[in-house]
Amino acid sequence: MKKFNLWKWAGSVQVAMILLSVIALVSFLGAWLPAELQPVVYYSWWFLLLLALFSINLLICCLSRIFINRTKFASALTHAAVLVILLGSLISYTRTQRGVLELQQGQSADSMLLKGRRHLLGFKVRLEEFSLAWYATGPAAYAIRYKVQDKQIRGALTLRLNEDYRIAGTPYAIEIAEYMPDFGLNENNIPVNRSPQPNNPAILVKVKTPGFTEGRWVFAKHPEFSFAKDENIQFRFDWEPIIREFASTVTFLDGERQTHTVIKVNHPAVFKGYTFYQSGYDADNLAFTSLEVVRDPGVPVVFCGFLMINLGLILLFLPKIAVLSARKREDRA
Amino acid sequence: MIVPPAIQDILLKAAFAAYLLTAACFVLQSFMPGWKWDAAGNIVLRAGFALHTMMIGIRWFAAGRPPFANMFEALVLFSWSIVCVYLVFRFIARVPSQLLAVPVNILAIIFMFIAFQGDRAIKPLMPALQSPWMSVHVMTYFLGYAALSIAFMMGGLYLALSARKGIPASFVSLIDDIAYRLVAFGFPFLTMGMLTGSVWANAAWGTYWNWDPKETCSLITWLVYVIYLHLYGFKGWRGKRAAWLLAAGFLATLFTFIGVNFILPGLHSYGGG
């Protein structure tokens, strides 16, 4: 009978496959839980224990491989990379500071809110300006809802510009005659478009009844606002402009030193080990910004693991794709 | 220069027609073996690929951003990736072309047909998607997905042929071998896709891993292929068992790519619809 070798068993592919299958299964089941319950699984002691057991298995596997066969460098590099990534994750898990910094325009702060407490940053951050920009392109077609009071008829439809629509069972026909992204009135009370920015998107609906046509402006952001002549028919214009960018211009004040920078989504700013992310804004108060502030010492370790695994996999698999085994086999046949 | 949107449509339909014509050539081959239908089919496939590439290029130019943002664009790109992987893999691996060309052709046609059902309007990108990482993340993932999908087709072919009598064992094991090498080709891309996504998430949301359902599913898919590679390499899992693992991997891939968007909510939900 073969003697049981604990070292060999603990670093074996068999154990690795079992552990990975369990991790995959648990991850899969966890994904179906409501979002707020997911951390209960992914950060629970037993899930971390599974990852720890897998790390030990992988470590033993790497060690025995390096010492046994030097030519398997690529394989060892790949597996060591997974260990480095897990190590980085452990550092992130135990050492990350993740806080929130909310500022009004012109206001400065020397701390962030971290788990409900004030956490001093060691420098000051001042919000110079917050800006929000939309895409200027209007809707390709106009989504409107209508209500005809006396007939108790409601409906929703999408119309293109200058396209006629007859509301069945009523005397009304409607047409959208004009679109303005930024509706305003000039000194003579005539509607004018103030800018290409969709600050106040509006459509001019022509309400046609036999012998009379009424032009009526309908506003996406102010549905309650109406200059209707015929109160019997009412409209809503459904249009949510797509946000192009939101950005905070801030100054970091560190003693005498002042650093200006712009923080946008996908463009965080780094200052003295803290990374500042644009995370939120207030649609009703555009002088306000919400930043997420993160200090995660695990990130460089994890990214180093990413580089290692990519290098390792290329070294490991490129020769396997190109091996002309099929050719050779054919030749032999 | 303004390119009329109709050009994209014409190019895409022409590419689709070319892929259908390729399929016709392969069918004719089995009925009229006298003529070189295969060679003709491979030329038409390349022509279709050229048109397909032009369509993606023009859309990229017209949208002013990588055209990988909604389901229509994703499926057009996926169908393109499948043909692209076929051409590159054939060149590196030097495998008999016919064995691969037919499954590739079928996949390209299916995914492009599904793409035609989607909404073709060019929509602007929300802030979270505006990043140079997007093209790297999507391209690496799609090349990986494409190779693994072809590997799945080879696995299916293996299962179909191994059940029949009179087919030489060397031929059947060649299919198994090609499937493995396709995974060897696709797996590094799959890994790069996941890791560039992680780097991007760190730049956009301040966390490189958040157990978002899409992230979790991508990890599971990756693990299925890790298991396949180890069982194939160390435990001698060949043939049927390996083919079934490839099917499991393909299911996981499909679920990650499309299923999650509709079933499980999360950060990636903008990719759906």
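To find a chain, count down the sequence lines: A is the first, B the second, and so on, and within it residues start at 1.
Contact annotation for A/I243: both backbone and side-chain heavy atoms come within less than 4.5 Å of a heavy atom of chain B. When heavy atoms are compared at a cutoff of 4.5 Å, A/F276 does not approach chain B at all. Both the backbone and the side chain of B/F185 come within contact range of chain A, each with at least one heavy atom under 4.5 Å from a heavy atom of that chain. Only the side chain of B/W222 comes within contact range of chain A, judged by heavy atoms closer than 4.5 Å. Contacts between A/E292 and chain B at a heavy-atom distance below 4.5 Å involve the side chain alone, from C-beta outward. If you measure heavy-atom distances from B/L125 to chain A, the contacts under 4.5 Å come from both the backbone and the side chain. Neither the backbone nor the side chain of B/F171 has a heavy atom closer than 4.5 Å to any heavy atom of chain A. Using a 4.5 Å cut-off between heavy atoms, A/Y135 touches chain B through its side chain atoms alone. For a residue to count as touching a neighbouring chain, one of its non-hydrogen atoms must lie under 4.5 Å from one of that chain's; by this rule A/L20 touches chain B with backbone and side chain alike. Proximity to chain B involves both the backbone and the side chain of A/S27, based on heavy atoms less than 4.5 angstrom apart. In this structure, no portion of A/S279 lies under 4.5 Å from any heavy atom of chain B. Contact annotation for A/S21: both backbone and side-chain heavy atoms come within less than 4.5 Å of a heavy atom of chain B.
The choice from B/P132, B/A184, B/A204 that makes the most heavy-atom pairs within less than 4.5 Å of chain A is B/A184. Chosen from B/F89, B/Y180, B/W133, the residue pairing most often with chain A at heavy-atom distances under 4.5 Å is B/Y180. Per-residue counts of heavy-atom pairs under 4.5 Å with chain A were compared for B/L182, B/L231, B/L229, B/V183; the largest is that of B/L229.
Annotation: A/W45, atom CH2; neighbour count of heavy atoms from other residues, nucleotides and ligands within 6.0 Å does not exceed 12. The neighbour count for A/R95 CZ, taken as heavy atoms of other residues, nucleotides or ligands under 6.0 Å away, does not exceed 12.
Here the CZ atom belonging to A/F28 is positioned 13.0 Å from the CG atom belonging to B/L219, to the nearest 0.5 angstrom. Residue B/Y208 holds its OH atom at 2.5 Å from OG of A/S92, rounded to the nearest 0.5 Å. Separating the CZ atom in A/R98 from the OG1 atom in B/T207 is a distance of 5.0 Å, to the nearest 0.5 Å. A/K264 contributes atom NZ, which lies 8.0 Å from atom CD of B/Q130 (distance to the nearest 0.5 angstrom). Atoms CD1 and CD1, from A/I23 and B/I220 in turn, are 11.0 Å apart once rounded to the nearest 0.5 Å. The distance from atom CG of A/L19 to atom CG of B/L223, rounded to the nearest 0.5 Å, is 11.5 Å.
The aromatic rings of B/W211 and A/Y42 sit parallel to each other, their planes meeting at less than 30°, with 60° as the upper class boundary.
For A/A31 against B/P213, the heavy-atom pair with the smallest separation is O-CG, 4.4 Å. Taking both residues in full, the closest heavy atoms of B/G206 and A/Y277 are given as CA-CZ, 3.1 Å, listed atom of the first, atom of the second, then distance.
One N or O on the side chain of A/N266 and one on the backbone of B/P127 form a donor-acceptor pair closer than 3.5 Å.
You'll find the side chain of A/S89 stays beyond 4.5 Å of the side chain of B/W209, heavy atoms only.
If you run side chain to side chain contact (heavy atoms under 4.5 Å, CB included) between B/N202 and each of A/V299, A/V294, A/V302, A/T275, only A/V299 comes through.
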